[in-house]
Amino acid sequence: MVEARAPGKVILLGEHAVVYGQPALALPVQRFVTVRCEPAARFQLATKPIIGGDALEEALAELAQEFGGPKLAVHIASELPLSAGLGSSAAVAVASVRALALGANRKLDDAQLLALAESMERRFHGRPSGIDHTTCALGTPISFLKGEPNRVEKLRVKKLALVIASAGPRDASTREKVLGLRAEFERDSRRLEPLFAEIGALATTGMAALARGDDAELGRLMNENQKLLTKLGVSTEAVDSLCVKLTKLGARGVKLTGAGGGGAVIALHDEPERLAGELPNAFVSRWEDA
Ligand code: PMV
């Protein structure tokens, strides 16, 4: 029996704009997807999370071929809410690659792990920027710039705690949200391009704020980012009203995280555990440079 895991992630600043070549900042969360493989008569997905549907089966079958068709039963368990903007599909991809590599006695370097996880993510999301699976695979806060190749740098984080709360189910998948915005971009790139550039500038400013542990500035940047995400049309009434509620409860900054349309919201608050205790299904994630 072999087992591997990968964390989920939050995007602190820069989702959607990252698809259009702007920088974005992402952090792994302390909640994991675990993939366990056991010897079996043939390769099979034995325990499925409710994610990916046929795409998950197909992606795993393709991955199994990469590893010489091992006879394994694959069990996937997730501590992450699915399709909430917390990178559950990327964590499934990364943990699956790790587990199958272990099962096949193959050692992978980061580049091989990222390439295989990316091809699984493409099956789930079409053409993702790559920020999700890169964060989940490296397991460290990163700044990410899409390109050929992507530019990935480890972020300095003096000290940060975020409350991760739920604004309820999403109204569409990541793929649909990204494609919807792409259609809008093709209709009206002159309106969207400056919004993407503003979001990218927030992410760039955020790097220095994170490094010096400046929560006042980070909160401001998150609120600005949320306003721009609303202008992009990816926020919802449920997200907006949760943002208002969290701000009234003292949050310095609040925004949706991931593709939007509902799902997870992140909040920066001086007493994160107390805030999380007041919300259903909320939890706290922390980061600090060693
Ligand atoms: O909703 P998630 O966790 O899959 O995050 C998607 C992030 C986007 O920027 C909206 C898409 C992407 O590929 O970067």
Side-chain angles (χ1 to χ4, degrees), residues 6-29 31-33 49 51-52 55-56 59 78-94 114 117-138 142-147 150-152 162 164-185 192 195-200 202-203 206 225-226 228-236 239 255-266 285:
K9 66 96 219 337
V10 289
I11 297 181
L12 180 64
L13 296 164
E15 52 273 273
H16 285 295
V18 68
V19 175
Y20 297 80
Q22 295 293 335
L25 313 184
L27 308 133
V29 295
R31 297 236 163 160
F32 296 85
V33 166
I51 170 197
L56 177 60
S78 178
E79 295 170 1
L80 291 160
L82 304 170
S83 192
L86 295 179
S88 55
S89 69
V92 165
V94 172
L114 287 169
E118 180 173 351
S119 62
M120 284 189 81
E121 271 283 87
R122 278 176 186 266
R123 285 201 173 256
F124 301 140
H125 294 317
R127 290 181 55 203
S129 65
I131 190 169
D132 283 18
H133 75 271
T134 305
T135 312
C136 299
L138 300 182
I142 58 167
S143 67
F144 183 93
L145 189 68
K146 182 170 160 261
N150 298 328
R151 278 221 316 260
V152 181
L162 290 175
I164 300 165
S166 170
R170 292 197 343 196
D171 60 13
S173 66
T174 296
R175 180 198 278 264
E176 287 160 343
K177 285 294 197 209
V178 171
L179 284 178
L181 204 53
R182 173 66 65 187
E184 178 62 18
F185 182 76
L192 294 195
L195 299 179
F196 291 144
E198 274 187 70
I199 292 174
L202 297 177
N225 196 161
Q226 174 59 23
L228 291 161
L229 287 163
T230 303
K231 286 190 188 166
L232 290 179
V234 295
S235 193
T236 60
V239 170
K255 65 182 275 294
L256 66 82
T257 186
V265 163
I266 51 173
S285 241

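Model, not experiment: these values are computed from the prediction. All values below were derived from every heavy atom in this structure, side-chain atoms included, with hydrogens, water molecules and symmetry-related copies excluded. For ligands, and for the atoms within them, numbers begin at 1 and follow the listed sequence.
Considering every non-hydrogen atom in both C136 and A90, the closest pair reads SG-CB, 3.8 Å. Pairing each heavy atom of K9 with each of G85, the nearest pair is NZ-O, 3.3 Å.
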Donor-acceptor contacts under 3.5 Å from residues 124-131 side chains, at least two apart:
{"unit_1": "H125", "atom_1": "NE2", "unit_2": "S89", "atom_2": "OG", "d": "2.9"}
{"unit_1": "S129", "atom_1": "OG", "unit_2": "I131", "atom_2": "N", "d": "3.2"}

Show the numbers, then the answer: is there a side chain to side chain contact (heavy atoms under 4.5 Å, CB included) between V29 and L80? CA-CA 9 Å; V29 295; L80 291 160; 4.0 Å; yes

Using a cut-off of under 3.5 Å, which N/O atoms of ligand 1 pair up with protein N/O atoms, and what distance separates each pair?
{"unit_1": "ligand 1", "atom_1": "1 (O)", "unit_2": "R170", "atom_2": "NH1", "d": "3.0"}
{"unit_1": "ligand 1", "atom_1": "1 (O)", "unit_2": "T174", "atom_2": "OG1", "d": "3.1"}
{"unit_1": "ligand 1", "atom_1": "1 (O)", "unit_2": "A259", "atom_2": "N", "d": "2.9"}
{"unit_1": "ligand 1", "atom_1": "3 (O)", "unit_2": "K9", "atom_2": "NZ", "d": "2.6"}
{"unit_1": "ligand 1", "atom_1": "3 (O)", "unit_2": "G85", "atom_2": "O", "d": "3.4"}
{"unit_1": "ligand 1", "atom_1": "3 (O)", "unit_2": "D132", "atom_2": "OD2", "d": "3.2"}
{"unit_1": "ligand 1", "atom_1": "4 (O)", "unit_2": "D132", "atom_2": "OD2", "d": "3.1"}
{"unit_1": "ligand 1", "atom_1": "4 (O)", "unit_2": "T174", "atom_2": "OG1", "d": "3.0"}
{"unit_1": "ligand 1", "atom_1": "5 (O)", "unit_2": "D132", "atom_2": "OD2", "d": "3.4"}
{"unit_1": "ligand 1", "atom_1": "9 (O)", "unit_2": "H16", "atom_2": "N", "d": "2.9"}
{"unit_1": "ligand 1", "atom_1": "13 (O)", "unit_2": "S129", "atom_2": "N", "d": "2.7"}
{"unit_1": "ligand 1", "atom_1": "13 (O)", "unit_2": "S129", "atom_2": "OG", "d": "3.4"}
{"unit_1": "ligand 1", "atom_1": "14 (O)", "unit_2": "S129", "atom_2": "OG", "d": "2.5"}

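Using a 4.0 Å cut-off between a side-chain N of Lys or Arg and a carboxylate O of Asp or Glu, K177 and E15 do not qualify as a salt bridge.
To the nearest 0.5 Å, atoms CD1 (I11) and CG (L256) are separated by 9.5 Å.
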